[in-house]
Protein chains: 2
Amino acid sequence: MKHSVVVVDDHNLLSQAIGELVNSFDEFHVLYTCKNGQELLDKLQNPANIPNIVLMDVNMPILNGIETTEHLYQNFPQVKVLALSIEEDEKVILKMLRSGAKGYLMKDVKKTELHNALLEVMEKGFYHTNTVTKVLVDSLSHNDGDVVTLKDREIEFIKLACTEMTYREIADKMFLSPKTIEGYRNALFEKLNLRNRTGLVIYAIKNKIFTP
Amino acid sequence: MKHSVVVVDDHNLLSQAIGELVNSFDEFHVLYTCKNGQELLDKLQNPANIPNIVLMDVNMPILNGIETTEHLYQNFPQVKVLALSIEEDEKVILKMLRSGAKGYLMKDVKKTELHNALLEVMEKGFYHTNTVTKVLVDSLSHNDGDVVTLKDREIEFIKLACTEMTYREIADKMFLSPKTIEGYRNALFEKLNLRNRTGLVIYAIKNKIFTP
DNA sequence: GTCTGGCAGGGGAAAAACCCTGTGGGCCAA
DNA sequence: TTGGCCCACAGGGTTTTTCCCCTGCCAGAC
């Protein structure tokens with residue numbers, strides 16, 4: 001009997017196209033496709049809808065790949081999740097794996113590699129490309145002790161610093177003295193290792209505190 | 001005889017999956033797939049490789065969808081380009097259409113809509129979804145006269161302004177006087193309607209001059 | 001010739017960046 | 001209870017950078 005696969009991706013065309021691809025493999029067939037995590041969880045209420053493998057996009061609206069994977073790991077541990085993403089961001093990869101994904105595929109993998117991944121996941125329980133393995137190894141040596149945590153008020157400030165407002169205007173908006181704002185700024189420069197406001201803006205965007 | 005289609009997308013899996021989808025339509029077959037615009041142009045040197053339709057991703061490395069479409073429009077006008085993208089940005093859509101694309105599909109279209117689009121492009125020569133039509137109509141009322149064009153040297157400056165360098169350091173790097181750099185900055189502030197460097201950084205990122 | 005555009009400078013006001021000090025409230029432990 | 005400590009907040013004062021206005025040179029285009 002063929003192994004069942006569910007594709008979760010918010011882009012209709014992609015989920016269908018990937019589904020088509022999966023169906024072309026002898027050992028697998030697509031049970032159904034979903035547009036987001038919520039839709040998948042709804043479907044899984046019916047035991048007949050529980051697949052062997054979920055091919056999950058990371059970036060989705062409503063319920064994203066990470067949250068959904070976490071939920072699956074808690075409630076349907078028998079389901080193997082393979083993450084599928086264009087993201088090469090270390091943090092995202094690690095988050096997915098921590099959430100319980102059995103593998104992480106870049107969207108530019110070849111058809112044969114997808115086939116391989118599906119086979120290996122069913123057989124060994126996991127599949128990791130070289131890229132992902134490297135990220136994992138790096139994350140060990142990488143001094144991950146300096147996980148900077150920002151306070152709510154600091155984040156609020158950063159967002160305002162990403163506009164054309166002067167610090168004086170930001171101070172007014174936050175009902176604080178300009179001097180206090182300087183304090184926030186200096187603290188952030190210190191702990192994020194930045195030289196000036198431009199650095200702060202780039203940091204904010206990189207870390208999705210502010211989205212242009 | 002079936003109409004020939006070429007898929008251009010930097011993500012291997014996606015191009016193959018979409019190819020699979022196209023092959024499932026009776027009236028079409030995939031000639032080959034490419035990873036970027038350059039690869040396509042290379043292929044087209046051989047007349048046997050000229051397809052009826054190109055399904056082109058907009059975001060690609062090396063030679064992007066817009067430039068490639070422009071080139072095709074100049075040199076292979078008989079080839080119909082259908083843009084395929086997750087981007088819903090008005091500007092991008094307009095750019096693609098101005099470059100000569102015959103249609104613009106969001107990547108979340110359904111299989112049947114892709115089929116429709118392919119059929120219509122072969123028959124009528126174009127295919128536009130409601131979204132795209134709306135953008136076109138909007139672009140008429142929208143004052144699109146202020147299409148700001150930036151010079152090469154200005155773009156070079158903007159990129160450096162998106163770092164933590166001071167203007168003096170930027171001047172050194174560009175082998176110019178700090179005063180000249182001020183000139184660039186002031187000209188940009190003026191024509192982009194900005195107040196300060198932070199505004200410039202946000203502008204650069206929004207318009208993909210600089211990617212964090 | 002004139003005109004435009006890239007380049008460069010002087011001078012000055014404003015903002016940003018970097019010092020160091022101080023207050024008052026909450027919290028914890030002697 | 002009290003003294004010590006941390007922390008958000010705020011002020012004084014100074015240097016550096018940014019921002020703005022106005023002028024001038026020179027080469028290449030018209």
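In what follows, chains are A, B, ... by sequence order, proteins preceding strands, each numbered from 1. Everything numeric in this text was worked out from a predicted model, so none of it was measured.
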- Query: Any Lys/Arg nitrogen of B:Lys179 or B:Glu182 sitting under 4.0 Å from an Asp/Glu carboxylate oxygen of the other?
  - Reply: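 Looking at B:Glu182 together with B:Lys179, the answer is yes, because their closest N to O distance falls below 4.0 Å.
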Please give, in whole Å, the distance from [N] [atom2] to [X] [atom1]?
X        : N      : atom1 : atom2 : answer
B:Glu182 : C:dG12 : CD    : P     : 15 Å
B:Arg168 : D:dT18 : CZ    : C1'   : 12 Å
B:Phe189 : D:dT17 : CZ    : C1'   : 12 Å
A:Lys191 : D:dA8  : NZ    : C1'   : 13 Å
A:Ile170 : D:dA10 : CD1   : P     : 15 Å
A:Asp172 : D:dA10 : CG    : C1'   : 15 Å
A:Glu154 : D:dC7  : CD    : P     : 12 Å
A:Arg195 : C:dA17 : CZ    : P     : 11 Å

- 5'-most contact on DNA chain C: B:Asn196 or B:Leu176, nearest heavy atom basis?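 The residue whose closest nucleotide sits nearer the 5' end is B:Leu176.
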- Message: Classify the ring geometry of B:Phe28 against B:His115: parallel below 30°, tilted from 30° to 60°, perpendicular beyond 60°.
- Response: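 Judged by the thresholds at 30° and 60°, the geometry between B:Phe28 and B:His115 is perpendicular.
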When you measure from the side chain of [X], which nucleotide among [options] comes out closest?
X        : options               : result
B:Lys151 : C:dG6, C:dA17, D:dT18 : C:dG6
B:Tyr184 : C:dG6, C:dA17, D:dC19 : C:dG6
B:Asn186 : C:dG9, D:dC20, C:dC18 : D:dC20
B:Thr180 : C:dG9, C:dC18, C:dC7  : C:dC7

- Query: Which part of the nucleic acid does A:Thr166 contact within heavy-atom distance under 4.0 Å: base, sugar-phosphate only, or nothing?
  - Reply: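 Sugar-phosphate contact only - A:Thr166 comes under 4.0 Å of backbone atoms but never of a base.
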- Query: With sugar-phosphate meaning primed atoms plus P, OP1 and OP2, does B:Arg197 contact a base, only sugar-phosphate, or nothing at under 4.0 Å between heavy atoms?
  - Reply: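 The answer is sugar-phosphate, as B:Arg197 gets under 4.0 Å only of primed atoms, P, OP1 or OP2.
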- Item | Exam field: side chain A:Asn207 to backbone A:Ile209, donor-acceptor pair closer than 3.5 Å |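 Answer holds: no.
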- Query: Within a strict 4.5 Å, meaning less than it, do heavy atoms of the A:Leu105 and B:Leu13 side chains meet?
  - Reply: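 Heavy-atom side-chain distance check fails, nothing below 4.5 Å.
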- Query: Does A:Tyr167 have a side-chain nitrogen or oxygen under 4.0 Å from the phosphate oxygens OP1 or OP2 of C:dA14?
  - Reply: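 No, outside the criterion.
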- Would you say the side chain of B:Lys179 and the base of C:dG11 hold a donor-acceptor pair, judged only by whether the two atoms sit under 3.5 Å apart?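 By the distance-only test, yes, there is a pair.
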- Message: Applying the side-chain hydrogen bond (donor to acceptor under 3.5 Å, both in side chains) criterion to A:Glu154, which one of A:Arg185, A:Lys191, A:Lys159 satisfies it?
- Response: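 Checked A:Arg185, A:Lys191, A:Lys159 against A:Glu154; only one passes side-chain hydrogen bond (donor to acceptor under 3.5 Å, both in side chains): A:Lys191.
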